[in-house]
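Dumping the structure here so I can ask a few things about it.
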Amino acid sequence: MKRFLKKLRNRRGVTLVEMTVATGVLALLGLVLHTGLFMAQDSYTTMVAESESRLLLSTVSNLLSDELRYAREVVTDDAGVLQRYTSINHGRNTTLGIGQEGQLEANNRRMLSSGAYGNGAYKIEDLTVVYGTDHVFEVTVKVKSGHTMTKETHFSVRCLNAD
């Protein structure tokens with residue numbers, strides 16, 4: 001203890017070399033910390049984007065499954081791609097599509113609120129609905145996030161009200 005007090009009373013201080021080394025070590029520690037935090041933030045952003053893309057795909061899949069399951073008077077083109085149908089929610093001649101903002105629409109009206117799309121952070125990039133002779137809809141949906149990550153899902157829905 002006496003030695004420590006003696007050192008504190010010494011007015012000589014630290015040398016320029018000691019101060020430079022201490023500053024360099026602190027700068028190096030700051031750089032390592034900054035790099036680590038940047039990598040953690042990037043990893044977090046990627047995980048959130050993937051999770052929210054999957055959530056949007058799940059929500060859209062459930063919505064389309066419920067919508068197409070009870071479709072009537074289905075009209076397709078020669079390749080079987082859905083053109084229009086009668087919906088219990090949207091009426092006759094319902095068409096499905098993707099709006100300008102990348103949101104799922106039925107008869108040019110949004111089917112989900114903009115909050116489901118992360119307020120514009122996620123967009124539906126592609127929607128394909130094919131109706132087969134076995135009265136089954138084959139649906140493919142692609143979602144793109146602002147981070148250029150694309151997720152896709154494919155599912156089948158049996159039409160219960162087939163003509």
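As the structure is a computational prediction, the values presented were derived from the model and not from experiment.
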Note to self: Measuring only between side-chain heavy atoms, which start at C-beta, is Leu96 closer than 4.5 Å to Leu82?
What the structure shows: yes
Checklist line | Note, Leu112 side chain near Leu63 side chain (heavy atom, < 4.5 Å) | finding: yes
Margin query: Is there a side-chain contact (heavy atoms from CB on, under 4.5 Å) between Thr128 and Val130? Walk through the geometry before answering.
Written below: CA-CA 7 Å; Thr128 307; Val130 177; 4.0 Å; yes
Margin query: Does any part of the side chain of Tyr85, heavy atoms only, come nearer than 4.5 Å to the side chain of Leu68, both counted from C-beta?
Written below: yes
Check: Are any non-hydrogen side-chain atoms of Thr95 and Asn107 less than 4.5 angstrom apart?
Finding: yes
Check: Looking at Ala49 and Tyr122, what are the two nearest heavy atoms and their distance?
Finding: CA-OH, 3.2 Å
Checklist line | Point-to-point distance, once rounded to the nearest 0.5 Å, from OH of Tyr70 to SG of Cys159 | finding: 10.5 Å
Checklist line | Lys151: salt bridge (charged side-chain N to carboxylate O under 4.0 Å, His left out) partners, not counting sequence neighbours | finding: Glu50
Margin query: Could you measure the distance from the OG atom of Ser87 to the CD atom of Glu73? Nearest 0.5 Å is fine.
Written below: 11.5 Å
Note to self: Does Glu152 form a side-chain contact (heavy atoms from CB on, under 4.5 Å) with Glu125? I'd like the steps, not just the answer.
What the structure shows: CA-CA 10 Å; Glu152 179 178 332; Glu125 189 174 65; over 6 Å; no
Notebook entry, point to check: Under the side chain to side chain donor-acceptor pair (under 3.5 Å) test, which residues partner Arg69, sequence neighbours left out?
Noted result: Asp66
Next item on the list: Would you check if the side chain of Thr45 reaches a backbone N or O of Gln41 as a donor-acceptor pair within less than 3.5 Å?
Entry: yes
Notebook entry, point to check: Only one of Thr59, Val60, Leu56 clears side chain to side chain contact (heavy atoms under 4.5 Å, CB included) with Leu104; which?
Noted result: Val60
Margin query: Measuring from atom CD of Gln83 to atom CG of Asp77, what distance do you get when rounded to the nearest 0.5 angstrom?
Written below: 4.5 Å
Check: When you measure from the side chain of Ser43 to the backbone N and O of Met39, does any donor-acceptor pair fall under 3.5 Å?
Finding: no
Check: Counting distance only, does the side-chain N/O of Thr20 pair as donor-acceptor with the main-chain N or O of Leu16 below 3.5 Å?
Finding: yes
Checklist line | Student check: side-chain heavy atoms of Leu57 and Val141 closer than 4.5 Å | finding: yes
Check: Between NE2 of His154 and OG of Ser61, what distance do you get to the nearest 0.5 Å?
Finding: 11.0 Å
Item checked: hydrophobic_cluster_shared for Leu127 and Val74, side chain cutoff 4.5 Å -> yes
Check: Rounded to the nearest 0.5 Å, how far does CD1 of Ile124 lie from NZ of Lys142?
Finding: 13.0 Å
Notebook entry, point to check: Any side-chain heavy-atom pair from Thr153 and Thr140 closer than 4.5 angstrom?
Noted result: no
Next item on the list: Measure across Arg110 and Ser114 and return the closest heavy-atom pair with its distance rounded to 0.1 Å.
Entry: NH1-CB, 4.1 Å
Notebook entry, point to check: Of the non-hydrogen atoms in Ser145 and Ser53, which two are nearest, and what is the gap between them?
Noted result: CB-OG, 4.0 Å
Margin query: Taking side chain to side chain donor-acceptor pair (under 3.5 Å) as the definition, give me every residue that meets it alongside Asn89, ordered by chain and number, with sequence neighbours left out.
Written below: Glu67
Notebook entry, point to check: Between Glu138 and Ser156, is any side-chain donor less than 3.5 angstrom from a side-chain acceptor?
Noted result: yes
Note to self: Parallel, tilted or perpendicular, judged at 30° and 60°: which one describes the rings of Phe38 and His34?
What the structure shows: parallel
Note to self: When you compare the side chain of Arg92 with that of Arg84, does any pair of heavy atoms fall below 4.5 Å?
What the structure shows: no
Check: What distance separates Leu28 CG from Thr23 OG1, expressed to the nearest 0.5 Å?
Finding: 12.5 Å
Note to self: Side chains of Leu64 and Phe155, heavy atoms from C-beta outward: is any pair under 4.5 Å?
What the structure shows: yes
